[in-house]
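Worksheet for the structure shown next.
Heavy-atom basis, side chains included; hydrogens, waters and symmetry copies ignored. Counting starts at 1 for both ligands and their atoms, following the listed order.
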Amino acid sequence: MTSDALLKVHGLKKQFPIRAGLFGFGGLTIDAVSDVSFEVMKGETLAIVGESGCGKSTVGRCVLKLIEPTAGKIYLDGERIDGLRQRQLRPRRKKIQVVFQDPFSSLNPRMRIRDALAEPLENFRQTASRRETDARVDELLRMVGLPPDCADRWAHEFSGGQRQRIGIARALATNPQLVICDEAVSALDVSVKAQIVNLLRKLQQETGIAFLFISHDLAIVENIAHRIAVMYLGKIVETARTKDIISRPHHPYTRALLAAVPIPDPTRRRTNGVIQGEIPSATNPPTGCRFHTRCPFAFDRCRKEEPQLGDRGGDRFVACHLPELPEMPASTPAVLSA
Ligand code: SF4
């Protein structure tokens, strides 16, 4: 494990059994996550991006131990946590928190905001008295840009962006080292998205917190992540520093994702990338390279042999048999689902 790695995930696999009908399971499984490895450094933001169904949220849920991984090792701050029982995990839970897409899912509508924020403080014994709890609630609200008088209002009184700020405040209550943001800004308007991304960056500068930022939206990820891991059909196909991946993707799928991002800046040239067809079913993934059914450069070897993530230098790893990505002819726009 790299000395500064806060989170290390090695060989993570998650299979889900498929119900065959009314009478039980038919022995089929979905490979939602297949042999995924990555690290998140202290104070870093690593984004995991990919289309819906690529397995990125399942990775986050495995790291949070909301679901049990089928195989693989997960280390948090040097300690292996994948095999821990819930009781053993509990004291370590405060180190790792989550912000979901829908802040209502973590905010009880029958609680005032003060109580919603006091709950993790008291559960994890972060404060010693009600007075201390109230002071910390006020501080958390200030940290996320909300006035302290919000504390005595109900969750339904707030806008989506304000509710997400409250969700972030709740995640920060235990002074975590890592927060997993699972499509945390996806449901928000464009301008509110930008405000929340700026807030997360400010909080990272102030507290040194690390983020695992899970998103389908490369345009958002570009503004927050230090590094990006691109997932396709349960596997990481490329990881690199954000500026490197955005300026020069090495994997055809990464290029297709970038080509699907609307670019408002007319001075920036969009890379061309044409991807045809739907993402294949994870119950029966393609042989060899999982992307070969949609890749414009697929050749015979791609159908037979699975490419491994190879070191391309400069902190970039790519799973592709091509040593270099050829130019694409200017053509039709990429076809990708969010
Ligand atoms: Fe395309 Fe082959 Fe590379 Fe897969 S290994 S991305 S099919 S060129």
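The aromatic rings of Phe291 and Tyr232 stand perpendicular to each other, their planes meeting at an angle above 60°, with 30° marking the opposite boundary.
Between atom 4 (Fe) of ligand 1 and Cys289 there is an N/O/S contact shorter than 2.8 Å.
The backbone N or O of Phe158 sits less than 3.5 Å from a side-chain atom of Arg163, completing a donor-acceptor pair.
Near His251, the atoms of ligand 1 lying under 4.0 angstrom from a non-hydrogen atom of the residue are 6 (S). Those atoms of ligand 1 with a heavy atom of Pro252 less than 4.0 angstrom away are 6 (S). Close contacts between ligand 1 and Cys320 involve ligand atoms 3 (Fe), 5 (S), 6 (S), 8 (S) [criterion: under 4.0 Å to a heavy atom]. Residue Leu322 has at least one heavy-atom neighbour below 4.0 Å for each of these atoms of ligand 1: 8 (S). Ligand 1 places these atoms under 4.0 Å from at least one heavy atom of Cys302: 2 (Fe), 5 (S), 7 (S), 8 (S). Distances below 4.0 Å separate heavy atoms of Cys295 from the following atoms of ligand 1: 1 (Fe), 6 (S), 7 (S), 8 (S).
Applying the side-chain contact (heavy atoms from CB on, under 4.5 Å) test between Arg136 and each of Asp138, Thr133, Leu140, Asp134 identifies Leu140 as the sole match.
Cation-pi geometry between Arg294 and Tyr253 is not met at under 6.0 angstrom from the ring centre and within 45 degrees of the axis.
Heavy-atom contacts from other residues, nucleotides or ligands closer than 6.0 Å to NE2 of His10 number 12 or fewer.
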**Asked** Taking it one step at a time, do Lys95 and Asp77 satisfy salt bridge (charged side-chain N to carboxylate O under 4.0 Å, His left out)?
**Response** CA-CA 9 Å; Lys95 291 186 182 179; Asp77 208 13; 3.7 Å; yes

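Of the protein's heavy atoms, His321 N, 3.3 Å lies nearest to atom 5 (S) of ligand 1.
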